[in-house]
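These notes are about the structure you will find just below.
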Amino acid sequence: MGVKVSYKELGLANTREMFKKAVNGGYAIPAYNFNNLEQLQAIVTACAETSSPVIVQVSKGARDYANQTMLRYMAMGAVEMVREMGAQIPIALHLDHGDTLELCKSCVDSGFSSVMIDGSHHSYEENVALTRQVVEYAHAHDVTVEGELGVLAGIEDEVQAEHSTYTRPEEVEDFVQKTGVDSLAISIGTSHGAFKFKVKEGEEPPPLRFDILAEIERRIPGFPIVLHGASSVVPEYVELINAYGGKLEGAVGVSEEQLRRAAASAVCKINIDSDGRLAVTARVREFLANNPGEFDPRKYLGAARKELIKLIKHKNETVLGSAGKA
Ligand code: 13P
């Protein structure tokens with residue numbers, strides 16, 4: 001690791017103030033994942049144009065694909081770009097699903113303003129110990145930390161373990177108190193990826209477990225809660241992908257109505273990755289099918305970027321309620 005750099009020098013913000021306002025205001029801060037230039041341009045453009053605070057986040061897959069250092073410099077570029085647009089929105093650069101103390105430290109040292117330590121796959125005691133270590137290091141640099149209790153199903157996971165992986169409300173007070181985390185990711189029925197629920201044709205997916213959320217809120221009132229796996233798997237995109245040669249059968253997400261309800265509660269950060277992927281894939285497939293002679297990536301990635309801006313504005317304005325809150 002080279003010279004240490006603080007996120008403050010890069011014009012980024014940690015999540016503390018954002019979350020306080022979001023919890024009090026009954027809305028959620030959008031946390032959009034990015035891996036490439038067009039996604040990041042779309043995220044910050046849409047958030048600047050809707051005057052929304054934003055968390056841009058970097059997952060393990062993104063780090064493997066684009067390189068952690070490259071992503072950090074891209075985020076710095078995004079901050080500059082927003083400034084030149086004349087917009088004043090807080091932007092946090094967040095590590096999504098950090099799995100080790102070393103990784104979290106390297107992100108803190110290289111300009112991230114927020115990190116997640118996901119110890120949810122460990123035993124409760126190990127999760128507490130690991131999260132506590134990350135908090136100690138991060139807080140010494142005024143970087144905020146997200147912990148997790150309860151395990152979300154992954155893209156291919158079977159449903160059989162679903163009930164045992166919901167967050168146990170009886171653990172949250174102890175976890176928050178022992179670790180000192182700034183926010184807590186919980187498991188109330190969402191999952192990562194485009195295949196969140198197995199439903200028959202015409203059936204509604206099961207509602208999220210708002211009873212668990214309510215019990216968590218009762219135990220730690222006003223504490224910032226994070227919802228992962230919150231893409232709606234926008235049906236129009238799935239249809240477009242399938243119409244242009246794709247094969248996404250049975251892709252189902254969390255309804256906007258459920259997300260609105262969550263955003264109005266103590267849920268103050270909503271993670272969205274898959275919807276962005278679907279928007280990009282839908283427009284790229286459509287463009288290439290309709291323009292077989294075109295081979296300039298700027299053309300089809302430009303179409304994808306335009307769609308992403310539209311999607312993100314829609315989410316900020318009508319789902320998360322973050323528009324106008326910068
Ligand atoms: P989705 O797959 O529902 O977009 O969830 C993304 C996420 O939670 C990233 O941490």
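All ligand and atom numbering here is 1-based and tracks the order in the structure. For this chain, numbers begin at 1 and follow the sequence in order.
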TODO: Identify which of G61, G229, S232 has a heavy atom lying nearest to atom 8 (O) of ligand 1.
DONE: G229
Open item on the list: Counting non-hydrogen protein atoms only, what is the nearest one to atom 6 (C) of ligand 1? Give residue, atom name and distance.
Closed with: D273 CB, 3.6 Å
- [ ] Evaluate whether atom OH of Y124 has more than 12 neighbouring non-hydrogen atoms of other residues, nucleotides or ligands under 6.0 angstrom away.
- [x] yes
Open item on the list: Using a 4.0 Å heavy-atom cut-off, which part of L152 comes near ligand 1: side chain, backbone, both, or neither?
Closed with: neither
Open item on the list: Please evaluate residues L95 and C104 with respect to the criterion side chain to side chain contact (heavy atoms under 4.5 Å, CB included), reporting the C-alpha separation (whole Å), side-chain torsions for both, the decisive distance (0.1 Å), and the verdict.
Closed with: CA-CA 8 Å; L95 170 71; C104 291; 3.9 Å; yes
Open item on the list: So if I count the atoms of ligand 1 from 1 in the order they appear, which ones are less than 4.0 Å from some heavy atom of I272?
Closed with: 4 (O)
Open item on the list: Surrounding NZ of K8 (heavy atoms of other residues, nucleotides or ligands, distance under 6.0 Å), is the total greater than 12?
Closed with: yes
Open item on the list: Out of all atoms in ligand 1, which are within 4.0 Å of some heavy atom of A230? Include the element for each.
Closed with: 3 (O), 5 (O)
TODO: Provide the number and element of each atom of ligand 1 under 4.0 Å from a heavy atom of N33.
DONE: 9 (C)
TODO: Return the residue, atom name and 0.1 Å-rounded distance of the protein heavy atom closest to atom 2 (O) of ligand 1.
DONE: S274 OG, 2.7 Å
- [ ] Please check if the side chain of Q258 supplies one atom and the backbone of S255 the other of a donor-acceptor pair under 3.5 Å.
- [x] no
TODO: Kindly confirm or rule out an N or O of H192 lying under 3.5 angstrom from an N or O of ligand 1.
DONE: yes
TODO: Number the atoms of ligand 1 from 1 as they appear, then name those within less than 4.0 Å of a heavy atom of G193, with their elements.
DONE: 2 (O)
- [ ] For the pair D182 and H139, evaluate side chain to side chain donor-acceptor pair (under 3.5 Å) and give the outcome as yes or no after the intermediate values.
- [x] CA-CA 10 Å; D182 302 279; H139 281 185; 2.7 Å; yes
- [ ] Taking atom CD of E170 as the centre, report whether more than 12 heavy atoms of other residues, nucleotides or ligands fall under 6.0 Å from it.
- [x] yes
TODO: Could you list the atoms of ligand 1 found under 4.0 angstrom from a heavy atom of H97?
DONE: 10 (O)
- [ ] Take D109 and K105 through the test salt bridge (Lys or Arg N to Asp or Glu O under 4.0 Å) and record every step on the way to the result.
- [x] CA-CA 6 Å; D109 290 346; K105 276 182 167 177; over 6 Å; no
Open item on the list: Using a 4.0 Å cut-off to any heavy atom of D96, which atoms of ligand 1 qualify?
Closed with: 9 (C), 10 (O)
Open item on the list: Please list, in number order, the atoms of ligand 1 under 4.0 Å from a heavy atom of K196.
Closed with: 1 (P), 2 (O), 3 (O)
TODO: Decide whether N127 and H122 meet the rule of one side-chain donor and one side-chain acceptor closer than 3.5 Å.
DONE: no
Task: Which of the ligand 1 atoms, numbered from 1, are nearer than 4.0 Å to a heavy atom of H228 - done: 8 (O), 10 (O)
Open item on the list: I'd like to know if the side chain of T167 reaches the main chain of L149, judged simply by a donor and an acceptor atom lying under 3.5 Å from each other, with no hydrogens or angles considered.
Closed with: yes
